[in-house]
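Computed from heavy atoms alone, side chains included, the values below leave out hydrogens, waters and symmetry copies.
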Amino acid sequence: MPTGYTSKIKDGISFEQFVMQCARGMGACVTMWSEPWDAPIPDEFKPSDYHLKKIKEAEEELARLKAMSLDDAERAAHESFKAETERIGDRIKEMHDLKAKYLDMLSRVRAWEPPTPKHHEFKEFMVDQIRRSIEIDCDDSYYRDKEVNRMSGLEWLRAEIARVSHNIEYHTKKNTEEVERAKSRTEWIRALRRSLSPKEA
């Protein structure tokens with residue numbers, strides 16, 4: 001049975017077309033995974049602008065934080081504490097609601113009579129899946145034990161400036177890596193094309 005790479009051989013594709021089709025499965029073309037098989041491979045891969053956008057957002061947020069008055073920081077610290085407390089409460093409630101649904105389904109599975117002895121293993125499989133899901137999805141100990149730190153406005157402001165500064169450093173590093181990856185992918189595909197035909201160099 002032909003694969004996605006070999007299916008066009010029966011139609012008489014050229015060696016060069018086959019090579020370029022196979023190139024789609026290589027790391028250089030990783031950004032094309034969702035495109036149709038016959039989409040042309042570009043001569044140059046452009047770096048994503050995701051990290052550049054994140055840097056810009058963080059720089060704007062940092063400027064806003066540095067311009068913030070202490071009174072505004074106090075209000076923001078209070079709102080942050082309130083929001084985090086509510087988020088934790090909401091998360092615990094979500095977990096309890098989910099556990100109730102899992103337990104309801106578990107009781108239904110346990111009450112079910114398998115139609116044949118061959119279905120007993122299937123029943124145990126279903127029970128095991130639900131029990132594992134309860135263990136993984138419904139352990140609220142992290143949230144129950146978590147203390148939300150109430151900060152002063154100045155403490156909150158310093159923490160936020162440190163967080164946003166870290167984001168700028170992180171996205172700057174990741175953007176540099178993204179640019180380098182795009183350059184490397186471009187060099188790889190151009191070298192491949194040159195090896196196939198001097199006219200494509």
Is any side-chain N of the basic residue among [X] and [Y] closer than 4.0 Å to the acidic one's carboxylate O?
| X | Y | result |
| --- | --- | --- |
| Arg75 | Glu79 | no |
| Glu84 | Arg87 | yes |
| Glu61 | Arg163 | yes |
| Lys93 | Asp90 | no |
| Glu59 | Lys56 | no |
| Asp128 | Arg132 | yes |
| Lys123 | Glu121 | no |

Check the orientation of Phe125 and Phe122. Use parallel for under 30°, tilted for 30 to 60°, and perpendicular for over 60°.
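Ring orientation, 0 to 90° scale: parallel.
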Do Asp137 and Tyr102 meet the criterion of a side-chain donor-acceptor pair at a distance under 3.5 Å?
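Their side chains do contain a donor-acceptor pair, which is all the 3.5 Å distance test asks for.
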Can you find a side-chain donor-acceptor pair between Asp71 and Ser69 that sits under 3.5 Å?
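There is no such pair between these side chains.
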In Å, rounded to the nearest 0.5 Å, how long is the span from CD1 of Ile92 to CG of Asp97?
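Spacing of CD1 (Ile92) from CG (Asp97) equals 12.0 Å.
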For Lys173 and Glu177: C-alpha separation, side-chain torsions, deciding distance, then whether salt bridge (charged side-chain N to carboxylate O under 4.0 Å, His left out) applies.
CA-CA 6 Å; Lys173 178 177 182 274; Glu177 291 170 2; 3.0 Å; yes
Determine the sole option in Glu178, Lys53, Glu57, His51 for which the side chain to side chain contact (heavy atoms under 4.5 Å, CB included) test with His171 is passed.
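The residue from Glu178, Lys53, Glu57, His51 that satisfies side chain to side chain contact (heavy atoms under 4.5 Å, CB included) with His171 turns out to be His51.
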Closer than 3.5 angstrom, by distance alone: can the side chain of Ser184 be matched with the main-chain N or O of Glu180 as a donor-acceptor pair?
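Checked: no pair found.
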Starting from the C-alpha separation in whole Å, work towards a yes-or-no answer on salt bridge (charged side-chain N to carboxylate O under 4.0 Å, His left out) for Glu187 and Arg190.
CA-CA 5 Å; Glu187 289 170 358; Arg190 285 180 177 171; over 6 Å; no
